[in-house]
Each structure stands twice: as structure tokens, then as C-alpha cells.
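Remarks on the structure that follows.
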Amino acid sequence: MKALTKNREVLLGLGIILVLVLVTLRFPRFAEPRNLLTIFNDTSILMMLALGQMVVILTRSIDLSMASNLALTGMIVAMLNAAAPWITIPLLIALAVCVGAALGAFNGILVWKLNIPPIVVTLGTLTIFRGLVFVISGGAWVNAAQMSTEFIQFQRAAFLGLPVLSWTAIVVAVLFYLLMTRTSLGRALYAIGVNPTAAVYTGINVGFTKFMAFVIAGAVAGLAGYLWISRYVIASVEVASGYELTIIAACVIGGVSIAGGIGSVVGVLLGAIFLGVINNALPVINISPFWQMAISGAAILLAVVLNARGERSKGRIILKKAEAT
Amino acid sequence: MTDIPAAGRQLPNRLDNPFKSAVLSWETLLVLVAIAIFIANSFASPYFLNEWSLSDMTFNFTEKALIALAMALLIISGEIDLSVASIIALASTLMGLALQYGADTPVLVAVGVATGIACGAFNGFLVTGLKLPSIVVTIGTMSLFRGISFIILGDQSFGGYPASFSWFGQGYVTWVISFELVLFLVCAVIYWVVLHRTNFGRRIFAIGNNDVAAKFSGVRVERIKFVLFCLTGLMSGIAAILLTARLGSTRPSIAQGWELEAITMVVLGGVSILGGAGSIIGVVLAALIMGLVTFGLGLLNVPGVIMSIFIGALLIVVIALPILFKMWKQRA
């Protein structure tokens, strides 16, 4: 029981339920399954991005360029779609993932080969990628009229009652769960974050693993690029501007330690959903949207404070089982 | 093994040949870059080499550079503040609010400064009092401070500042030398003295290199970090006064993205993002370089987003240069 109350995922889950209950008390329709699914769908892109960011943060790095990567990849696929509508959507999505991964690899190479601190590298590429959006588009927008119907409708198509966007988030989450728990790369990501020196002695290639983390984050950002553009049906330079910190916030609320080594897929998903629920609840209970920023800021701070309490007593996640015995 | 600070940015070793270490220092590299950009600018545009033009250029960086000075100290101590731009927004909003109640210039300045210090103290308390990582705390307060501005202002804006207040952002002390530039230079000298010539500055380096060791040698780590957060807040408050006075109005979206620009100045100035190394001269030079780049490109009608490509590339290339040079030397 004590372990249960100290468990971050359980706490977060309870927090989300609490918010849902409070809002539902005033607006019973808020908790209707259909509305909850809408919230899930609204949060899908944030969930995926946060999972990508988690992998990077686990290795004691940070990727500030994800939102710019998203904007650049999104603009590329949108322009491609506008220019050549015959390219099938699965091909475009594959392309988006590849472009995103390539941009992530650029970050990764600088971190791996030149040993530049990740925060510096991604601070640079944050502005470079965003600037490139302007270069390739000439500052012009790609709007709904220029995009093909399939481009817009693909992620809205319902499958077993859920839109493709939600399914994508579910598939990505499962892939990340398998990556983190069933592969040696996942293990290496945790190991580097917990103790980079020890990781070297156990034969882990620290630089390469960090590189892979950036590639994964980039690929997710690329995928999110297509999804974002086709969801909001507008591609411009400003797409997802400033979103990089929201992504990190979702990770932090989800219990990922900024010092590396601690974090779980379920926690990050709940962190993103928590932000999504709050953002969806505010307009429902008639709070002006201007409050949204202050409230999510307060939520981040609260989560960090609670998180720090948990971290001090708890061991690193990789050793949790060992410590329990 | 992987956490080695980037090469070439450590403090120069005093045992080295002093001439050689001065020539090969980070600051020399920055001076060269600045001269190169200056020459390129004067060739690129006929309007560049003109005293009013050069004076206008200083407005491109002074406000951000004021924050960068304090941010440099904070980053050297191993912390970071991402909320500075939001502090500007909040300070500017509260000044606008005070104006609605008929406040005069001294009160407006006091409100700006006080808001800055209060926000900085709040950050400092969360980081040092509750022992939370500063990058996360300030991501939170970044949304919080700007969010409060949005709550107060909504989609409106405050304007109608008195002329005596506007002077802070638009006035000239003498000839083409603006008040902003003078203030920045005075602050730069003060920060240089504090960081490089006082015990306080030495302790900041000690904390950044190893805060546990610093603590055991009697440095009051928490208190110094708290003071540094307050300083960063104070400089943001001052920047808010200058910016509000220059623009003559307040909007909640004011100074968006400035936190990253201030950090870019600090890092480009040779301050190690991992803490423990850096100099004020480097930060001042980096601020000048960024001012030159944005102003030069502005004269050529290059849009702001494209300028950011140059700034980002400059950041990565300048940081990578000494590392590449070292790798090449080791291979030879």
C-alpha cells in the first residue's frame, strides 16, 4: 500500500481522475466516453513527442529542437503534397519519419563526435530548423485548399471507433514500451543516465547511444510533423513555435528526471494526458483561455516539487527491483 | 568520459606562455569573428558605416545583453534561468497596470525592478530552498509568469507612458550614445569586477566546478545561488523597463524567445553550459557579434527567421571550431 501511494504513475493517475471528477461534478457531460476519447486524440501528438524527448532526457541530454524539427518536416511534407498530390500518404509518412530522423541525426552527430553539450547543439538547431522552414517556404503558408483530401483525412479516418491519430499514438507508445523494456538499447539508455562512467566500463558505447536517442526523438518529431500539419491543416513558419518546452514539461510532470536515468513510458503518457485534461477542462468550466498558461505553469511546478520528494527516497528505476529485495 | 567540457574554453593555464594563451583564447576568436562580420557588413550595405546606424545597432542587443550578464554568472554557477523573458513580460505588464493607476516614472521604475527581483527570488527559493533542478523550475515559472501577464492583460495592451519614462528606451546621453548603451557598459564593468576581481566571483566559479567541494570549503552555495537568481531577475526587470520604454506599450507576448537568445549570448561568449568556466568579456563580445549579425542582415532586408539560422549556425560553428582544431592537431 505504501509503495502504491509513493508510485509516481499511480499518483499521476489519481491526479488525472481527481481533475476529471471535479470537472464532471459541474459538467456531467465532460466524463462521457466520447469526450474522453476526444481528449486522448487531442493529446496524441504531445504524447508521442514527450516519449521521444524522454529517451533523450534519460541519457542526461535534452532536445530543444523537436518543435522546430516538427515544423520543418511538416512544411516539407505539406509542400510535397501540394506539389505532387499523387504521392501516397504512407509514403509521405515514411518520408516524414526519415527527414525527422535525419535532422535528429544531425543533432546526434554533433553531440557524439564533437562532444558539444546537447543543450547548446539543440539551442542552435532550434533556430536553424525554424529558419529553414522559412527558406523552403519563402514565408508562405500551405493551407487546406492546397493539401489533398487524403492528406487531411488520413489521420481522421475512424478505425474500431478511434481515429487513426489515436491509434498512431497507441502504436508508438507500445513500440517505446518494447524499446525501453525489451531491448539492449533501452537498457543502455537508462544505464547511461544513471552512471555514464559505469556504462562505459560495461561496454556501452555512450556516444553512439546518445546519437540513437537523438535519432529516435527526431523520427518521432518527423512523424508528429505530418500529424500536426494534417490535423490543424495549415503549414507555416510559426507551427508549434515554443512547443519544445511543453514537451519537456510533459516529461517532467510524467516523472522523468532531468538529471537522467529515471523515467517510464507510462509516466510520460500520463504526464501528457494530465496537461491535455487540464487544457480541455479549462474552457469547459468557463475559465478564460488566458489562464491556461499560468495554470499549466503552476501544474509543472507542483509536479516538480512532488517529484523531488519521490526521487530522494527512491532508487533509480533500473535498480528498483534490486532495492526491493 | 562524455561529460568533458568543450575543449579550449577552460580558464587559460597561467603556467603557459602568457602571450600564446592570450592569442589562442576564446575572446580573441570572438574579436576576430566580430571584425569579420563588421567588415562584411560594411561591404554589404552602404548604410552601415554611419554613426546613427551603428548607434541603432546597439539597440539590437543591449536589452538582451543586460540579462546575459547576469545569466553568465548563473550558468557559471551551474544553474540556468529560462524564465527571464517571462519576467520581462510580467514586469512590463505590472508597470502598465501601475500606469493605469496614475503612477509616475519613479514608481514605474520601482515596479519594474521590484517585480524582477521578486520573480528571481521566487525562482531562487524553489531551486535552493526546495532543491529542485533549475532548468525544470524555470520552465514552470516561464509559463507561470507569462501566464499571469496573460491573465492581467488578456489580448489587450497598455500604452501611453510619460515622456520621462520613454527616455530610458529612446533617450541619448550625448550625441549618438544612447542611455541603453551607457547603462549596458556600466553594468558590464560592474559584472566584470564582481566576477573576476572579487571573492564572490571566485566562489561562483568554485560552485560551478564542484559545488560539493565548494560547500565543504565553507562557501555558502545555496545563498550565493539565491543571490544569482535575484540578480538575473533584477536584470530582467531592468530590461523590461528599457524595452517597455522603447516600444511605448506592453503586450503579454513581449520579448518572446528572449530567454534562448540571452543563453545563446552566454554560451557563444565562451561560458561553459556545464558551469565553472567563462568570462564577462566573452559575453560582451558575443552580444556585440549577435547585434552586428542581426543589424547587418536587417540592412540587407533579411527576414528575422533567416537571421536566426545565422545565429544558430554561428553558435554551433564557433563552439565546434576549437574542438575540431584540437581533434585535427591530435591526429597530425
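Just the heavy atoms: all of them, side chains too, but no hydrogens, waters or symmetry mates, feed the values below. Residue numbers start from 1 in every chain, and the chains themselves are labelled A, B, ... in the order their sequence lines are given, proteins ahead of strands.
- Here the CD1 atom belonging to Ile309(B) is positioned 12.0 Å from the CZ atom belonging to Arg130(A), to the nearest 0.5 angstrom.
- With a threshold of 4.5 angstrom between heavy atoms, Leu315(B) approaches chain A through side-chain atoms but not through N, CA, C or O.
- Taken from OG in Ser296(A) to CD1 in Ile139(B), the straight-line distance is 12.0 Å, to the nearest 0.5 Å.
- Residue Ile128(A) touches chain B through both its backbone and its side chain, counting heavy-atom pairs closer than 4.5 Å.
- With values rounded to the nearest 0.5 angstrom, Ile295(A) atom CD1 is found 7.0 Å from Ile151(B) atom CD1.
- A heavy-atom distance below 4.5 Å is found between the side chains of Val135(A) and Ile306(B).
- In this structure, Met327(B) and Lys113(A) approach most closely via the heavy-atom pair CE-O, 3.8 Å.
- The part of Ile62(A) that comes within reach of chain B is its side chain, from C-beta onward, which places non-hydrogen atoms under 4.5 angstrom from that chain.
- Residue Leu302(A) does not touch chain B at all, counting heavy-atom pairs closer than 4.5 Å.
- Using a 4.5 Å cut-off between heavy atoms, Ile80(B) contacts chain A through its side chain alone, with no backbone atom that close.
- To the nearest 0.5 Å, atoms CD1 (Ile258(A)) and CG (Leu132(B)) are separated by 12.0 Å.
- Counting only heavy atoms from C-beta outward, the side chains of Val305(B) and Val133(A) never approach each other to under 4.5 Å.
- Closest of all the heavy-atom pairs between Ile116(A) and Ile316(B) is CD1-O, 4.4 Å.
- Heavy atoms closer than 4.5 Å to chain A are found in the side chain of Leu126(B), but not in its backbone.
- Using a 4.5 Å cut-off between heavy atoms, Met142(B) touches chain A through its side chain atoms alone.
- Only the side chain of Ile119(A) comes within contact range of chain B, judged by heavy atoms closer than 4.5 Å.
- Of the two parts of Leu132(A), the backbone and the side chain both hold a non-hydrogen atom closer than 4.5 Å to a non-hydrogen atom of chain B.
- Contact of Leu245(A) with chain B is made through backbone and side chain together, with heavy-atom distances under 4.5 Å.
- Residue contact with chain B, scored on non-hydrogen atoms closer than 4.5 Å, involves the backbone and the side chain of Thr125(A) alike.
- In this structure, the side chains of Phe310(B) and Thr127(A) stay at 4.5 Å or more apart for every pair of heavy atoms.
- Ranked by heavy-atom pairs shorter than 4.5 Å toward chain A, the options Ser86(B), Gly140(B), Gly257(B) are led by Gly140(B).
- Closest of all the heavy-atom pairs between Asp155(B) and Phe290(A) is N-CZ, 3.4 Å.
- Contact of Pro303(B) with chain A is made through the side chain alone, with heavy-atom distances under 4.5 Å.
- Pairing each heavy atom of Ser143(B) with each of Gly297(A), the nearest pair is CB-CA, 3.6 Å.
- For the pair Ile148(B)/Trp291(A), no side-chain contact is recorded, criterion being any heavy-atom separation below 4.5 Å from C-beta on.
- With a threshold of 4.5 angstrom between heavy atoms, Ile135(B) approaches chain A through side-chain atoms but not through N, CA, C or O.
- Looking at every heavy atom in both residues, Leu114(A) comes nearest to Ala320(B) through CD1-CB, 3.7 Å.
- Annotation: Phe106(A), atom CZ; neighbour count of heavy atoms from other residues, nucleotides and ligands within 6.0 Å does not exceed 12.
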